[in-house]
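Have a look at the structure below before the remarks.
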Protein chains: 2
Amino acid sequence: MEMKSAIEALSALAQETRLSIFRALVRAHSPKEGEGGLAAGDIGAALDVPPATLSFHLKEMSHAGLVTSRRDGRSIIYKADLSAMRGLTEFLLEDCCGGVCGTVGTRQRKKECA
Amino acid sequence: MEMKSAIEALSALAQETRLSIFRALVRAHSPKEGEGGLAAGDIGAALDVPPATLSFHLKEMSHAGLVTSRRDGRSIIYKADLSAMRGLTEFLLEDCCGGVCGTVGTRQRKKECA
DNA sequence: TTTATAATTCTATAAGTATGAAAATATGGA
DNA sequence: TCCATATTTTCATACTTATAGAATTATAAA
């Protein structure tokens, strides 16, 4: 991940409606392809957001790579892209402590930085 | 962490100058109290940001809880607060897959979601 | 005390983002 | 085909955020 896409992802999350949408999609997530996620209408109903506003926000999140979508009949199912999240976290903590603490990359951490 | 502070932290990171500052502070981090971090002037010189602009951004980051500061003579040393980062990540991925994947909380993950 | 250095606050201007009503588009069923 | 449902696009308005020059405050050294 590089600067530009990291900023797009962070900007997409830095808004109350979008953050609520994302967290709802995380809860409804499934690691299985073609499963999990929520229909746009269900998100709008759950969070009480009008269709035009919801669509604007979902588009922002798609462009930022935070969600994917698939059509299911008349509905469009949105799903969180969690690999983007991991990439973002690694970008943020890259080379932490100049590399000596091992916060990013290794499974076995050397020190407790984050 | 709750919604409001998460949005403040995400907004603080969702801006090119501030994101560059944060990453520079992550590299210069030390887990030891009173060590690590960078003087405001050094950040400004490294990133070529005028003092007033830099000060504006550092204030945003302080208010968002992403950085702490301590005075050292005429300089003010800013340091990344990495515990805030961990709190933010946990907030974002809370109850992932309805809780079954164990992405947040447990050290030993059940599945690879993020 | 005077001077130099470091950082912040004030301020005006410029630029970017969110909202939701109305209209348009897409799908599936009668 | 015609109708109902689901979602997106368009658009005007309102709101929020970034920038950097000039003035101010704080610390340290001469």
Side-chain angles (χ1 to χ4, degrees), chain A residues 3-25 28 34 36-80, chain B residues 3-25 28 34 36-80:
Chain A
M3 193 60 67
K4 186 162 167 285
S5 54
I7 300 219
E8 283 173 358
L10 289 163
S11 301
L13 291 170
Q15 203 278 343
E16 185 163 6
T17 302
R18 287 194 297 263
L19 184 51
S20 299
I21 292 171
F22 184 79
R23 301 213 320 142
L25 291 179
L38 293 171
D42 291 344
I43 300 171
L47 303 179
D48 196 28
V49 178
T53 304
L54 179 67
S55 201
F56 167 81
H57 288 306
L58 287 171
K59 192 178 174 184
E60 293 280 308
M61 298 173 82
S62 287
H63 286 162
L66 288 175
V67 302
T68 57
S69 59
R70 63 182 192 272
R71 183 174 274 280
D72 177 22
R74 275 177 283 203
S75 296
I76 296 186
I77 311 289
Y78 284 86
K79 186 175 175 180
Chain B
M3 193 60 65
K4 186 161 167 283
S5 54
I7 296 210
E8 283 173 359
L10 289 163
S11 300
L13 292 169
Q15 203 278 343
E16 185 162 6
T17 302
R18 287 194 296 262
L19 184 51
S20 299
I21 293 170
F22 185 78
R23 302 214 317 145
L25 292 178
L38 294 170
D42 292 344
I43 299 171
L47 303 180
D48 196 30
V49 179
T53 304
L54 180 67
S55 203
F56 167 81
H57 288 305
L58 288 170
K59 193 178 175 185
E60 292 280 306
M61 298 173 81
S62 288
H63 285 161
L66 289 175
V67 303
T68 56
S69 60
R70 62 183 192 272
R71 183 173 274 280
D72 176 24
R74 274 177 284 202
S75 297
I76 296 185
I77 312 289
Y78 284 87
K79 185 174 176 181

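All values derive from a computational prediction rather than experimental measurement. Convention: sequence-line order gives letters A, B, ...; per-chain numbering from 1.
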Which parts of residues 69-76 of chain B get close to DNA chain C, meaning a heavy atom less than 4.0 angstrom away? B/R74, B/S75, B/I76
Can you sort out which residues in residues 44-57 of chain A have a heavy atom within less than 4.0 Å of DNA chain C? Ascending by number, please. A/P50, A/A52, A/T53, A/F56, A/H57
Can you name the closest pair of heavy atoms from [X] and [Y] and give their distance?
| X | Y | result |
| --- | --- | --- |
| A/I7 | B/A14 | CG2-O, 4.0 Å |
| A/A28 | A/L38 | CB-CG, 3.7 Å |
| B/I77 | B/G37 | CG2-C, 3.9 Å |

Over how many whole Å does the gap from [X] atom [atom1] to [N] atom [atom2] extend?
| X | N | atom1 | atom2 | result |
| --- | --- | --- | --- | --- |
| A/L38 | D/dA6 | CG | P | 15 Å |
| A/L58 | D/dT8 | CG | C1' | 10 Å |
| A/L13 | C/dA18 | CG | P | 12 Å |
| B/D42 | C/dA7 | CG | P | 7 Å |
| B/E16 | D/dA18 | CD | P | 12 Å |
| B/H63 | D/dT17 | NE2 | C1' | 15 Å |
| A/I77 | D/dA6 | CD1 | P | 12 Å |
| B/Y78 | C/dA7 | OH | C1' | 8 Å |

Atom pair [atom1]/[atom2] of [X] and [Y] - distance to nearest 0.5 Å:
| X | Y | atom1 | atom2 | result |
| --- | --- | --- | --- | --- |
| A/I21 | A/Q15 | CD1 | CD | 8.0 Å |
| B/R23 | B/L25 | CZ | CG | 12.0 Å |
| A/L13 | A/F22 | CG | CZ | 5.5 Å |
| A/Y78 | A/S75 | OH | OG | 11.0 Å |

What's the closest nucleotide to the side chain of B/K59 if the choices are D/dA18, D/dT7, C/dT9?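 The answer is C/dT9, which lies nearest to the side chain.
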Of the nucleotides C/dA18, C/dT8, C/dT19, which has the atom closest to the B/A40 side chain?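 When the side chain of B/A40 is considered, C/dT8 is the closest of C/dA18, C/dT8, C/dT19.
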Which side-chain N or O atoms in residues 42-67 of chain A pair as donor and acceptor under 3.5 Å with protein atoms at least two apart or in another chain?
| residue | atom | partner | partner atom | Å |
| --- | --- | --- | --- | --- |
| A/H57 | ND1 | A/R18 | NH1 | 3.1 |
| A/S62 | OG | A/L58 | O | 3.2 |

Taking 4.0 Å as the cut-off, does a side-chain nitrogen or oxygen of A/Q15 come that near to OP1 or OP2 on D/dT17? no
Quick one: does any side-chain atom of B/R71 pair with a main-chain N or O of B/G73 as donor and acceptor, under 3.5 Å?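 A pair under 3.5 Å: yes.
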